[in-house]
Amino acid sequence: MKQLESILVKPAGPDCNMACTYCFYSSKLSMFGGKIHRMAPDVLENLIRQAMAQSHGHISFAWQGGEPTLMGLSFFKKVVEYEQRYAKQHVVGNGLQTNGLLIDRNWARFLGEYNFLVGLSIDGPRHIHDRYRVMKNGKGSWSKVVDRAKLLIDTGVAVNAISVITDYSADFPEEVYEFNRDLGLRYMQFIPCVETDPISRDRAAPFSVSAVKYGKFLCRVFDLWMDDFRDNLPTTSIRFFESILFRYAGMEPPDCTLLEECGVYLVVEHTGDVYSCDFFVEPRWKLGNITEHRLIDLLNSPRQLSFGKIKSRLPNVCRDCKWLDYCRGGCIKDRMRDPKDNGVNHFCESFRIFFEHADAKLKRLASRVQPS
């Protein structure tokens, strides 16, 4: 039986105060109807009460969107109030993924006081960030996001840079990495972008990064990451490389895309509806609603177990690949975005390029952290 350890919450559903070109979640607006989507107080309390009662010792909430700060600071004060009320002996973690636009000093003080880990969406220098991360009026958001990043860092908030790698940004690995590092964002997560072209459904959207370009991007950033080691220790953190190291050291990685099966967490929408995965908020993978079902039962439901096993149904080219033990076929959404890939992960060649480049160094690094 799977343990309830992690819940991704969409308190404002797909609502957002930006209009990023590559956003995959804005298309969910048609699912929910209406113009404004907000989680009701009773749904929030029910969610947190269940999560505490049905987990064992620790639970993590990831607050995402759309843009979760549209809920207002008062909503997140309620989050903390309910967590403290129902936590008992639990260790509770909170993560907030945000575009940063609504963050002010009050937000920053609150996030710092209650140890929220903030994932800030920032794609790099201005010419990279503003290419696709635009406001609803079409203007770039870079200067505002940089100001918010500095505010969060100066307030002592733990901040990760979440950078989407597109057809354009993949050409500038040094600029992206060094910009994040020099701004003070030394924890980085790179998200390769691939979406199906809405006009021609038989190909990837033009802003999607190709497998080869993303593979080369990873290789260059890996070298930059290694060059910044001091006394054999990293001075920056890159989620993908560290998760891969878990695999090389014979441990389960924290990144779900590298696991053998999916379905290890739940997504709760503003309505209380529960889904299998952030990338599969769609009727087929709706598991139930927290007003009618228990979270732990939905996590272990036949539909969620069926969803989880999709990942292990790999094409033959993956089963025969020498890198399978490390990538496990990647995220299943990336097997479905570009139909011409015929079920092979869009980034399969990226993994091949990267592992051929980094394998020897990863083995040496893993030998230092191997469990005894």
Side-chain angles (χ1 to χ4, degrees), residues 6 8 58 60-65 68-69 91-101 103 107-125 128-129 133 142 145-165 169 172-193 214 217-218 220-249 251 253-258 265 278 331 354 358 362 365-366 368-369:
S6 180
L8 191 157
H58 61 91
S60 295
F61 296 96
W63 305 91
Q64 295 189 15
T69 60
V91 175
V92 182
N94 285 293
L96 177 74
Q97 185 171 333
T98 177
N99 59 34
L101 297 186
I103 299 296
W107 268 102
R109 283 195 290 267
F110 170 82
L111 295 169
E113 180 180 357
Y114 291 103
N115 298 312
F116 275 65
L117 174 62
V118 174
L120 183 66
S121 295
I122 185 166
D123 283 357
I128 295 172
H129 180 94
R133 296 197 62 80
W142 183 83
V145 177
V146 169
D147 286 345
R148 304 316 191 269
K150 292 176 179 177
L151 172 61
L152 289 166
I153 293 167
D154 291 345
T155 311
V157 179
V159 189
N160 288 1
I162 300 179
S163 302
V164 176
I165 307 305
S169 61
F172 305 97
E174 293 91 348
E175 286 193 47
V176 172
Y177 174 82
E178 291 170 1
F179 171 82
N180 287 340
R181 180 197 62 191
D182 295 345
L183 185 60
L185 299 170
R186 290 183 168 266
Y187 292 83
M188 308 178 204
Q189 185 174 354
F190 299 117
I191 311 295
C193 180
Y214 184 57
F217 175 90
L218 286 176
R220 182 60 186 133
V221 172
F222 179 79
D223 291 343
L224 293 166
W225 178 65
M226 291 287 295
D227 288 345
D228 276 344
F229 273 44
R230 296 292 179 270
D231 299 321
N232 293 317
L233 295 172
T235 59
T236 61
S237 169
I238 297 180
R239 181 176 171 82
F240 177 70
F241 300 154
E242 293 178 354
S243 292
I244 287 291
L245 268 174
F246 273 73
R247 275 283 179 218
Y248 271 80
M251 298 182 285
D255 188 338
C256 65
T257 68
L258 302 176
Y265 73 98
D278 183 22
C331 183
F354 172 72
L362 286 168
L365 287 174
R368 302 174 192 163
V369 295

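The residues of the chain are indexed from 1 along the displayed sequence.
Without hydrogens or angle criteria, Thr235 side chain to Asp228 main chain gives a donor-acceptor distance under 3.5 Å. In terms of modelled atom types and a separation under 3.5 Å, the side chain of Asn99 and the main chain of Leu101 share a donor-acceptor contact. With hydrogens and angles ignored, the 3.5 Å screen pairs a side-chain donor or acceptor of Ser163 with a backbone N or O of Ile122.
Within a 6.0 Å radius of OH in Tyr187, other residues, nucleotides and ligands contribute 12 heavy atoms or fewer.
With sequence neighbours left out, the ring pair (Phe, Tyr, Trp, His ring centres under 6.0 Å) criterion links Trp63 to Phe61, Phe76. Residues satisfying the side-chain hydrogen bond (donor to acceptor under 3.5 Å, both in side chains) criterion with Thr236, sequence neighbours excluded, are Tyr177. Every residue two or more places apart in sequence or in another chain that forms a ring pair (Phe, Tyr, Trp, His ring centres under 6.0 Å) with Phe110 is listed here: Tyr114, Phe116.
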Practice problem: Please step through side chain to side chain contact (heavy atoms under 4.5 Å, CB included) for the pair Phe179 and Val146, ending with a clear verdict. | Solution: CA-CA 11 Å; Phe179 171 82; Val146 169; 4.0 Å; yes
Practice problem: Kindly indicate, with the supporting measurements, whether the criterion side chain to side chain contact (heavy atoms under 4.5 Å, CB included) is fulfilled by Phe222 and Ile238. | Solution: CA-CA 9 Å; Phe222 179 79; Ile238 297 180; over 6 Å; no
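Using bins of under 30°, 30° to 60° and over 60° for the plane-to-plane angle, the ring pair Trp225/Phe241 lands in the tilted bin.
Between Phe240 and Phe190, the ring centre distance reaches or exceeds 6.0 Å.
With rounding to the nearest 0.5 Å, the separation of CZ in Phe172 from CZ in Arg220 is 14.5 Å.
Residues Leu245 and Leu362 have side chains in contact (heavy-atom distance under 4.5 Å, counting atoms from C-beta outward).
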